[in-house]
Amino acid sequence: MPLIDASPIALLGGTFDPVHFGHLRIASETAAALKLPEVRLIPSKTPVHRARPGASEVQRLAMLKLAVAGIPGLVADDRELKRNTPSYTVLTLQSLRTEFPQRPLIWLIGIDAFMHINHWYEWPRLFELAHFVVLNRPGFAVSQALSPVLAEVWQGRLTRSADALRERTHGGIYLHTVTPQAISATEIRNTIAAGADDSALVSLLPAPVLAYIRAHQLYLPENSPAL
Ligand code: ATP
């Protein structure tokens, strides 16, 4: 079906607990390389059945807004926090598809997350709603990562050209290589909990986010979730 408005919308979902340069650089780099006008960073709700993340939903969103302020093309999208359901990606994509019936939706995802996608709620439907651009992450390799069921989906949907993602609204998988960022939110939380000072953190996340963490005393041992 020909597209009326083929300008894609890219999406990066996560807990962002806290948002860090890994998230921001993969989003900006991929947007530039694939000529994506907009990347929406979508924080997930705190799952009710798991230990809560270190920061509240309000705090995670506040940090995300600080992080994207002034970065062209990056936008915080709070639809999962506002919704009164668990943060199932398929529901998020459905709401975006309703809003943007004819634009390609491109879900950016690290290979560490993609390798578990077959455990997500109604996962086969994800590919009926969006494309997936899979990004490298230090410590994870595509070849060893995929279960047989996912390897089959991968083989069937993999496209060698990013331009092909503009020709359809959904259904493709594209492997994109970004500058490796050995940064994780877990490492940041652990570093703060261990009492590190700001010099150990400035290379990992934006200064306004670090200032927010300090002002709200986030991720200190007494504020960490019980194990
Ligand atoms: P945590 O350590 O708490 O699990 P995280 O650093 O992995 O957090 P998330 O918010 O869970 O961050 O990640 C959101 C998305 O961003 C996922 O698709 C994840 O694979 C991707 N991502 C996060 N950090 C990186 C990174 N350094 N390189 C590539 N992808 C990343």
Side-chain angles (χ1 to χ4, degrees), residues 10-34 36 39-47 50-57 59-68 71 74-81 86-90 92-93 105-120 123 126 130-142 144-146 150 173-194 201 203-206 209-210 213 218-219 223-225 227:
L11 312 151
L12 178 65
T15 42
F16 302 109
D17 189 21
V19 61
H20 53 68
F21 283 136
H23 301 122
L24 299 171
R25 289 179 186 146
I26 60 171
S28 293
E29 249 191 52
T30 307
L34 273 54
L36 307 171
V39 183
R40 297 183 177 212
L41 290 86
I42 309 177
S44 57
K45 277 174 115 107
T46 303
R50 279 192 225 145
R52 64 176 179 81
S56 69
E57 292 177 358
Q59 290 167 333
R60 290 187 286 117
L61 180 62
M63 290 190 280
L64 191 54
K65 285 183 173 169
L66 286 171
V68 299
I71 306 184
L74 299 199
V75 180
D77 181 323
D78 63 357
R79 71 184 59 223
E80 290 192 0
L81 301 183
S87 287
Y88 295 131
T89 302
V90 72
T92 305
L93 287 174
L105 297 176
I106 299 183
W107 193 271
L108 310 181
I109 185 165
I111 183 62
D112 60 303
F114 185 83
M115 64 196 263
H116 300 298
I117 206 169
N118 54 318
H119 299 292
W120 293 13
W123 72 274
L126 297 167
H131 299 298
F132 280 77
V133 167
V134 181
L135 307 168
N136 53 300
R137 186 167 188 178
F140 300 89
V142 180
Q144 72 195 38
L146 300 183
L150 214 42
I173 296 175
Y174 180 70
L175 182 60
H176 181 60
T177 303
V178 288
T179 308
Q181 306 287 331
I183 303 175
S184 74
T186 303
E187 177 204 353
I188 292 171
R189 292 193 302 272
N190 291 343
T191 303
I192 295 172
L201 296 157
S203 62
L204 305 178
L205 73 181
V209 176
L210 182 52
I213 288 171
L218 299 179
Y219 310 122
N223 293 334
S224 296
L227 293 175

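Each ligand, and each atom within it, is numbered from 1 in the order the structure gives.
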Using the side-chain hydrogen bond (donor to acceptor under 3.5 Å, both in side chains) rule, take Tyr219 and Asn190 through it: C-alpha gap first, then chi angles, then the decisive distance, then the call. CA-CA 8 Å; Tyr219 310 122; Asn190 291 343; over 6 Å; no

Which protein residues have a heavy atom closer than 4.0 Å to any atom of ligand 1, listed by chain and number?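 If the criterion is a heavy atom under 4.0 Å, then ligand 1 touches Leu12, Gly13, Gly14, Thr15, Phe16, His20, Gly22, His23, Ile26, Ile109, Gly110, Asp112, Ala113, Asn136, Arg137, Gln181, Ile183, Ser184, Ala185, Thr186, Arg189.
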
When you measure from the side chain of [X] to the backbone N and O of [Y], does any donor-acceptor pair fall under 3.5 Å?
{"X": "Ser87", "Y": "Lys45", "answer": "yes"}
{"X": "Asn118", "Y": "Leu150", "answer": "no"}
{"X": "Arg60", "Y": "Thr15", "answer": "yes"}

Are Ile42 and Thr92 side-chain neighbours, meaning at least one heavy-atom pair lies under 4.5 Å?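 They are in contact (side-chain heavy atoms under 4.5 Å apart), so the answer is yes.
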
Applying salt bridge (charged side-chain N to carboxylate O under 4.0 Å, His left out), name anything that partners Arg137, two or more places apart in sequence or on another chain.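 With neighbours one apart ignored, the set is Asp112.
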
